[in-house]
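Report on the structure given below.
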Amino acid sequence: MTMLTPDQQDALQELMNVSMGLASDQLARFLDTLVHLQVPAMQVVRASDMPAQLRELYADKEAHLISQGFIGPAGMQGEAMLLYNFSSAKQLAAILGYQQSEVSDAEMLTDISSILTTTFLNSLAAQLGSTLSYSAPRQLNCQNNQLVERLQALASRWNVALQVNIQYQVTDYAFQCDMILLIPGTALQTLQQQLDDILQDY
Amino acid sequence: MDAHWLAMPILQQLNSGVLVLSTDYGISFYNQFIERRLGVPLAEVRHKSVFDVFTDLPEAWLKRKLDSVVALNAPTFSSWEQRPYVLKLPHLRPVSGGSDYMMQNCSMLPLVHPHTGETFICLLIEDATDVSIYQLELQRNMQALQQANRLDGLTKLYNRSYWEQLLQSEVLRAKRYHQPLSLILFDLDKFKQLNDDYGHLGGDFVLIELASFIQSLLRESDFLGRYGGEEFGIILPNTSQSGANEVAERICRQVAAHQLLFNQRIIRATISLGVAELNPHRHQEAHDLLQCADVALYVSKRQGRNRSTCYRDDLQKVLQKVN
């Protein structure tokens with residue numbers, strides 16, 4: 001299986017940094033507060049290795065897993081997953097500007113995930129000269145130890161995982177989540193082609 | 001073929017709702033799917049605020065959603081599982097539908113006018129009523145299945161595996177909250193003789209009748225389960241050994257006095273019982289408590305049946321003497 005070359009990986013990391021900057025700018029304007037997103041730590045891994053890497057991180061914790069599919073031209077497609085390890089999503093209400101009583105935890109989680117995923121991926125796609133469409137985000141049931149099983153089942157369908165750790169800080173409130181972009185081999189080839197095109201221009 | 005003419009007829013006949021709003025929530029367009037269900041022609045409400053046309057919209061929530069579509073130039077979604085519907089519309093299965101209104105999945109997408117550059121928000125409404133009904137049925141079936149999985153087929157008491165789970169969690173609870181917990185194990189006396197005298201149907205009949213009779217003598221908080229062939233167990237939360245002993249003595253007397261009528265013949269059955277209280281220091285696990293109750297039950301059997309025995313440390317010696 002082909003993985004990214006060091007050059008491609010560097011280029012992708014750079015594009016992600018720019019995308020994250022654009023996304024945080026958009027978020028800040030929407031949330032009307034300062035949003036600080038750290039430079040994402042990115043890792044390209046075989047999808048089959050991913051569950052083991054996350055097992056420790058999310059062991060013994062109540063984790064939430066939100067999945068959202070995306071598709072673009074030329075075979076670009078994949079699944080974005082956001083992992084949170086807090087037990088209550090109530091704090092998110094303040095960030096999203098909702099009254100706590102009017103939305104459920106599940107709705108807040110899917111909402112914040114959708115916002116994070118689409119703003120980031122839209123920016124990334126724009127850098128690559130493309131656009132993406134999205135499916136509705138879904139919360140996957142992964143209570144207790146089911147998370148790793150769940151990831152294993154997902155990983156078996158995809159070849160490569162881009163694991164991106166994102167830390168958000170919104171003025172007084174910080175939270176952390178992992179974004180995992182799972183993409184199949186064909187989409188990886190498309191991505192590699194797009195990265196090579198960009199690298200050629202330099 | 002010039003495909004442009006296709007857009008409008010397909011938009012009108014699409015089996016999904018399409019509602020287009022301006023950034024100040026005015027209605028710009030809705031398709032036939034919405035028009036027919038709402039019962040109001042588009043021309044009558046064009047440019048009116050969506051909140052004046054559709055009653056019961058969650059205004060603060062929807063405004064926040066719509067604003068995010070415009071501010072982030074990114075789609076946002078609403079699922080029936082979290083919010084049954086966004087637009088209150090009827091569904092087309094009024095008889096078999098179950099719910100009163102159409103369950104909806106809604107995607108809210110940013111649209112930019114190709115000439116003026118003006119931004120609009122498109123709400124795509126999918127009817128999820130069928131899915132929600134299947135989901136509901138599935139949940140009901142799962143519950144029924146789970147229930148069936150916990151019960152013993154013959155007596156309808158809790159089966160061994162579920163009863164043992166209950167015992168384990170009650171032991172943990174009693175230890176955590178420093179509350180007493182007692183256990184009664186009992187055995188139907190001379191069950192083999194009953195089967196020989198009345199046939200297996202007679203034996204089964206006795207098991208079923210005694211199960212429901214004994215259940216009627218217990219508190220709601222006690223858990224009666226079938227432990228083995230003719231062996232049963234009762235978990236008594238928040239009960240000391242002396243309290244459990246009273247219960248055991250009463251059950252023993254009442255069972256012996258209870259007449260069972262099977263095929264015009266009266267069957268008298270008796271039971272032997274063993275009582276033990278959880279000792280949080282000596283009983284590490286549920287199994288240790290079970291073993292104590294089992295020793296007490298064994299002594300009841302050895303001493304002539306139709307009686308109840310409380311566990312004591314010297315019971316092992318009593319057993320040795322009998323042997």
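Proteins get letters first, then strands, A, B, ... in listed order; numbering begins at 1 in each.
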A:R138 atom CZ: more than 12 heavy-atom contacts under 6.0 Å: no
Can you find a side-chain donor-acceptor pair between B:E137 and B:N141 that sits under 3.5 Å? no
Need one label for B:P75: side chain, backbone, both or neither, based on atoms under 4.5 Å from any heavy atom in chain A. both
Contact part of B:S79 toward chain A, heavy-atom cut-off under 4.5 Å: side chain, backbone, both or neither? neither
Side chain / backbone / both / neither for A:Q139 at chain B, heavy atoms under 4.5 Å: neither
Interface moiety of A:S133 toward chain B, non-hydrogen atoms closer than 4.5 Å: neither
Have B:E164 and B:Y227 got a donor and an acceptor in their side chains that come within less than 3.5 Å? yes
State whether the number of non-hydrogen atoms from other residues, nucleotides or ligands found under 6.0 Å of B:E285 atom CD is greater than 12. no
